[in-house]
Amino acid sequence: MSSLSEFAAYKRLPGVLAGAGGSRLDWQSGQGMLDLYGGHCVNSLGAGNESVAEALASQWKRLSFTTNLIQHAGRDDFLQAWAPLMPPGDWQVFASNSGAEANENLLKWALMATERKVVVCFEGAFHGRTAAASAVSDGKETFPATPFEVRRLPWGCTDGIDADVAAVILEPIQSMGGVVDPPGGFLAELRAQCTENGAWLLFDEIQTGVGRLGQVWASQVFGVVPDGFSTAKGVAGGVPMGLSFVESSQASRIPDGVTGATFGGNPLSLAGAKVVAAHLAQPEFLAHVRELSQIFRSLIGVGPVVGIRGRGLLLGLELHDSVSASHVSQALLEAGIMVGTCRDPQVLRVSPALNLASESVAQLGDALAGIGRME
Ligand SMILES: Cc1ncc(COP(=O)(O)O)c(C=O)c1O
């Protein structure tokens with residue numbers, strides 16, 4: 001006799017999901033639910049997006065998989081689709097499978113290129129669960145030992161960047177930490193310090209990238225260009241993919257033979273990412289993200305919401321201190337709306353599909369008004 005059960009890494013919501021379409025979740029019970037969490041930012045174009053479905057099906061039939069040793073048209077198509085969306089500079093990209101892997105590659109490259117041993121990171125950060133990514137995260141996921149020396153600074157602090165530092169890594173807006181915006185001038189000062197000390201400035205754009213802030217990248221929103229950045233989550237419309245971008249002059253310093261991934265840049269993820277790029281290239285698509293963001297801001301003062309943090313569709317709803325985020329998210333679930341929580345117990349995270357219908361915000365507003373405050 002043998003058996004198999006799932007390792008209990010996640011505490012699941014009650015119920016079983018039967019399917020999903022766009023920003024709607026369909027439960028086996030027959031209940032429909034508005035999804036304002038977007039599968040942790042993965043469903044950038046909503047669930048089951050038709051253009052992604054067609055691209056994946058046709059790619060699979062034409063060429064389902066091939067080794068990274070072989071060239072095929074999908075690689076050039078992907079590069080051509082993303083090139084016009086890049087921040088200023090000459091960039092190179094390496095494709096892997098997840099956000100953590102994309103960050104691992106950035107950190108490895110910076111440590112090897114600079115031949116230094118220290119990485120600066122920030123309190124409240126989350127960069128993933130693998131060895132290097134968890135070393136620069138601020139949580140219980142860290143391994144017993146870190147693969148390099150870590151210098152963790154308070155958010156907003158720019159002290160401690162010196163000639164021993166290989167890289168400074170941060171999320172331009174901290175998501176898991178509570179949707180925490182960068183203080184004014186913080187990113188520009190980090191840029192200046194990194195340039196002065198020869199350290200790489202690395203942006204983790206795994207949540208902030210791919211149009212989520214209303215421009216393609218946070219570096220464009222904040223006007224600060226890093227030496228390297230990562231993205232993942234919604235970049236391929238729901239297909240697993242991680243991308244590490246590095247500025248070409250820094251890329252030339254990375255030793256040969258230290259980078260690779262069997263499934264990295266597989267034809268399906270390249271095809272999904274090409275569809276996402278085509279959406280981002282339409283000005284009205286990003287304009288919709290910015291407009292929707294403004295509509296969400298009208299929720300300040302509705303029910304328990306006292307403020308809104310973040311940009312675009314990476315928003316943190318700050319709650320009145322008489323109610324907790326876990327209480328409000330539970331009440332919203334009961335009202336048929338899914339939102340996220342984060343490490344700040346007073347903040348709800350909203351990260352819906354970028355093409356969410358505007359009317360959905362009113363639905364959230366009605367539900368929040370029904371919850372009210374506990375005074
Ligand atoms: C900012 C940030 N970085 C890195 C990661 C890790 O990505 P993945 O779970 O794809 O490894 C996440 C995932 O939530 C994230 O939000």
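As the structure lists them, so they are numbered: ligands from 1, and atoms in each ligand from 1. All residue numbers refer to positions in the sequence shown, counting from 1. All values below come from the heavy atoms of this structure, side chains included, with hydrogens, waters and symmetry mates left out.
The residues Arg152 and Glu123 are annotated as not salt-bridged, no charged nitrogen and carboxylate oxygen being separated by less than 4.0 angstrom.
Residues Phe203 and Leu201 meet the side-chain proximity criterion, which asks for heavy atoms closer than 4.5 Å. Counting heavy atoms from C-beta on, the side chains of Leu364 and Phe296 come closer than 4.5 Å.
Near ligand 1, residues Ser98, Gly99, Ala100, Asn103, Phe126, His127, Gly128, Glu171, Asp204, Ile206, Gln207, Lys233 each place a heavy atom inside the 4.0 Å sphere around the ligand atoms.
The side-chain contact (heavy atoms from CB on, under 4.5 Å) test with Met33 is passed by exactly one of Leu17, Leu332, Leu13, Leu25: Leu25.
Open room surrounds OH on Tyr10; 12 or fewer heavy atoms of other groups in view lie less than 6.0 Å from it.
Aromatic pair Trp217/Phe245: ring centres closer than 6.0 Å.
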